[in-house]
Amino acid sequence: MTLPLTAPLLPKISKRSRRGPWKSSSAASRSMEFFKQRGEQYKAEIIDSIPDDTVSLYDQGGFVDLCRGPHIASTGQIGALKRLTSAGAYWRGDERNPMLQRIYGTSFPTQKELDTYLAKLEEIKRRDHRKLGKELDLITIQDEIGPGLVLWHPKGARIRLLIENFWREQHLKQGYELVYSPHVARLDLWKTSGHVDYYRDNMFASMKVEASEYQLKPMNCPFHIMIYKSHLRSYRDLPIRYGELGTVYRYERTGVLHGLLRVRGFTQDDAHLFCRPDQIEEEVSRVLDFTFFILRTFGFADFEVYLSTRPDKFVGSEENWIVATAGLDAALKGRGVAYRIDPGEGVFYGPKIDIKIKDVLGRSWQCSTVQVDFNNPERFGLSYVGADGKAHQPIMIHRALMGSIERFFGILIEHYAGAFPTWLAPVQAVVLNIPDKHRDYAQWLVGQLTAAGYRAEAGGRRPRDAGENGIGTWPKRSQHGDPGGPGATRPAEGRCGQGRADPVTIKLRGVLSFLNFGSTERFVSGKFGSSAWTENS
RNA sequence: GCUGGCGUAGCUCAAUCGGCAGAGCAGCGGUUUUGUAAACCGCAGGUUGGAGGUUCGAUUCCUCUCGCCAGCUCCA
């Protein structure tokens, strides 16, 4: 059948795949002939690649499938079936191969379980940061500017500033030095670093300036290296930790761009640690602690940790790889972190630890990464003077805790469904003036709140504004009106939809006190502050 | 980049066979007022993503292009 898989056809497929029992049988590799005769070239090709003498086949009403199995014993076990989407997929996952048409669907033993799953998909849709980012006026990505390039609107920028201020403050406490570096540099720098050889496909084209080529930076590391190199280093100076909220530009193929989660210009919360080989474990341990602290502060509690080991193509000595991998391993074990080995998935220049964040819906996102690097110290000829008076080569550790501010923000939006905790909320309080004639008073109150350091906004002139989505998303609300009127002055109260209205007097002092609770303290995950608090002054 | 789908007002969407581009919400001006997704009247809002082509006439058909979405591949 070579009909196009358009929408009207798919319900039929849904229906048909419902009846008949499954039978299973196994056959010798002559089944390759069977599939060839049927014109099912791909199945024959797969059998060809299976070393075993026998393969297992499943027969379902004349549809014979090659499958390691198991298929379910009976289609009667399928209580509920739903087609989800259809999309192309490369044969065997290789983009050089032809594209196949794939239909995605799911089934559950009962309709109820299917409904639960579908409700979760709806919830994911509701939390989509691309939708909320626009609705809450946090960010936009506009065609005229270019795909994958983010505009941070005032409300989004407020949150970013809070994130960045927190980040800087904590890094200083942790003994990092904060640095800045330019957005472009001579192409030669990227030749030295190896990016031109290994990373060119992800770089924007270089530009000619006067007599030399310049390159928009895809990474921050060469700059930090050059700061290290700017003078002689002693073993006593190590470890040296340079941190930077460094904005990088990478050419990502159009099909991979995805809201804030995959962009072309983004800011890494980057740092490079220069240390002696014997300091790797200690430094990595510190980074792990620091990472979990930061992530928990933003409300993330569940993580997936991976240790990626040496790939086939690698640089550096085997001995260094062993030392570095052991250092990462020891740090993870020392901190009691459960992790999985991802064999051969390390970067060519060294092994790494990746930490994926699990959000409230149980989806995981790659953010944090800790990578050991032997390559760059070698390429740039880094050294320090050891206790023996001789030159030694330091080890570099690349690390990002949030990964990129853009991606992290996208995840945050979805994690909180836009209803940020008070310390991060771009609007901590909305002052509603109902009816309109109280606008001046509302403005005055907003002015008072702003002067007191809160993020407040006046909004709405009609009763229904109180129930609006955007306004309901912000943490606190205070409403002002005439006694007994439709917009009667109401107590400041908590976030709409949480069923928690905290009675507070409407006097300015009361509003300030109410806001003060939990407005600046940061949440630690698992301890989401309740707003159960009253004032009766 | 690849396969498939889709671009109409700030947002969500209409527009029959190719025949005058429309509605709700948001906005603005009024009127009104029992407390959480919707009070009433009016006004304004558009180069139908862009460029070509076919046609008396294109939102509609064709070509190219830009972008978005679902995946594949890749990744922070």
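Just so we're on the same page: letters track the sequence lines, and every chain starts at 1.
Closest to the side chain of A:R130, out of B:G1, B:C69, B:C75, is B:C69. Side-chain atoms of A:V256 lie closest to B:U73 of the nucleotides B:C66, B:U73, B:A76. The nucleotide whose nearest atom lies closest to any side-chain atom of A:E252 is, among B:G67, B:C72, B:C75, B:C75. The side chain of A:H258 lies closest to B:A70, out of B:A70, B:A76, B:G67. Set against B:A76, B:C66, B:G1, the side chain of A:T254 has B:G1 as its closest nucleotide. For A:R250, the side-chain atoms get nearest to B:A76 when compared with the rest of B:G67, B:G1, B:A76.
Rounded to whole Å, the P atom of B:G49 lies 10 Å from the corresponding atom of B:U59. Taking atom C1' in both B:G30 and B:U34, the straight-line distance is 23 Å, to the nearest Å. Rounded to the nearest Å, the gap between the P atom of B:A9 and that of B:U65 is 24 Å. Remark: the separation of the C1' atoms in B:G10 and B:G45 is 9 Å, to the nearest Å. Only the P atoms considered, B:C2 is 28 Å distant from B:C11, to the nearest whole Å. Nucleotides B:U31 and B:G22, compared at atom P, are 30 Å apart to the nearest Å. Using atom P as the reference point in both B:A70 and B:U12, the two lie 15 Å apart (nearest Å). Separation of the P atoms belonging to B:C61 and B:G7 is 10 Å when rounded to the nearest angstrom.
Atom CD1 of A:I353 is separated from atom P of B:A76 by 15 Å (rounded to the nearest Å). One interatomic measurement links the two molecules: CD1 of A:I141 to C1' of B:C69, which rounds to 13 Å at whole-angstrom precision. Computed from coordinates, the A:E135 CD to B:C25 C1' distance equals 12 Å when rounded to whole Å. Taking atom CD of A:Q268 as the reference point, atom C1' of B:C75 lies 11 Å away to the nearest angstrom. Separating the NZ atom of A:K134 from the P atom of B:C25 is a distance of 20 Å, rounded to the nearest angstrom. When rounded to the nearest whole Å, the span between CD1 of A:I124 and C1' of B:A70 equals 14 Å. The CG atom of A:L401 sits 15 Å away from the P atom of B:A76 (whole-angstrom rounding). The distance from atom CG of A:L261 to atom P of B:G71 is 12 Å, rounded to the nearest whole Å.
For the atom pair A:R455 CZ and A:L424 CG, the distance stands at 7.5 Å (nearest 0.5 Å). Note: A:L412 CG to A:I159 CD1 = 8.0 Å, rounded to the nearest 0.5 Å. A:R407 CZ to A:F266 CZ: the interatomic distance, rounded to the nearest 0.5 Å, is 7.5 Å.
Cation-pi geometry between A:K356 and A:F303 is not met at under 6.0 angstrom from the ring centre and within 45 degrees of the axis. The cationic group of A:K358 does not satisfy the cation-pi geometry with A:F300, failing either the under 6.0 Å distance to the six-membered ring centre or the 45° limit from the ring axis.
Taking the ring centroids of A:W152 and A:F409, they lie under the 6.0 Å cut-off. Between A:Y349 and A:Y198, the ring center distance fails the sub-6.0 Å criterion.
Toward the 5′ end of RNA chain B lies the nearest nucleotide of A:D143, the other residue of the pair A:D143 and A:D128 mapping further downstream.
A donor-acceptor contact under 3.5 Å is not formed by the side chain of A:R253 with the base of B:C72. Between the side chain of A:Q371 and the base of B:A76, no donor-acceptor pair of N or O atoms lies under 3.5 Å.
When heavy atoms are screened at a 4.0 angstrom cut-off, A:R399 is found touching no nucleic acid atom at all. Counting non-hydrogen atoms under 4.0 angstrom, A:E406 reaches nothing in the nucleic acid. Across all strands, A:V248 comes closer than 4.0 Å to no nucleic acid atom at all (heavy-atom distances).
The one candidate from A:M203, A:M219, A:R264 that meets the side-chain contact (heavy atoms from CB on, under 4.5 Å) condition with A:R250 is A:M219. Checked against A:E244 for a side-chain contact (heavy atoms from CB on, under 4.5 Å), the options A:T267, A:L178, A:V179 give a single hit: A:V179.
Consecutive pairing runs in RNA chain B reach the stem threshold at B:1-7 with B:66-72, B:10-13 with B:22-25, B:27-31 with B:39-43, B:49-53 with B:61-65, where a stem means at least three Watson-Crick or G-U wobble pairs with distances under 3.5 Å.
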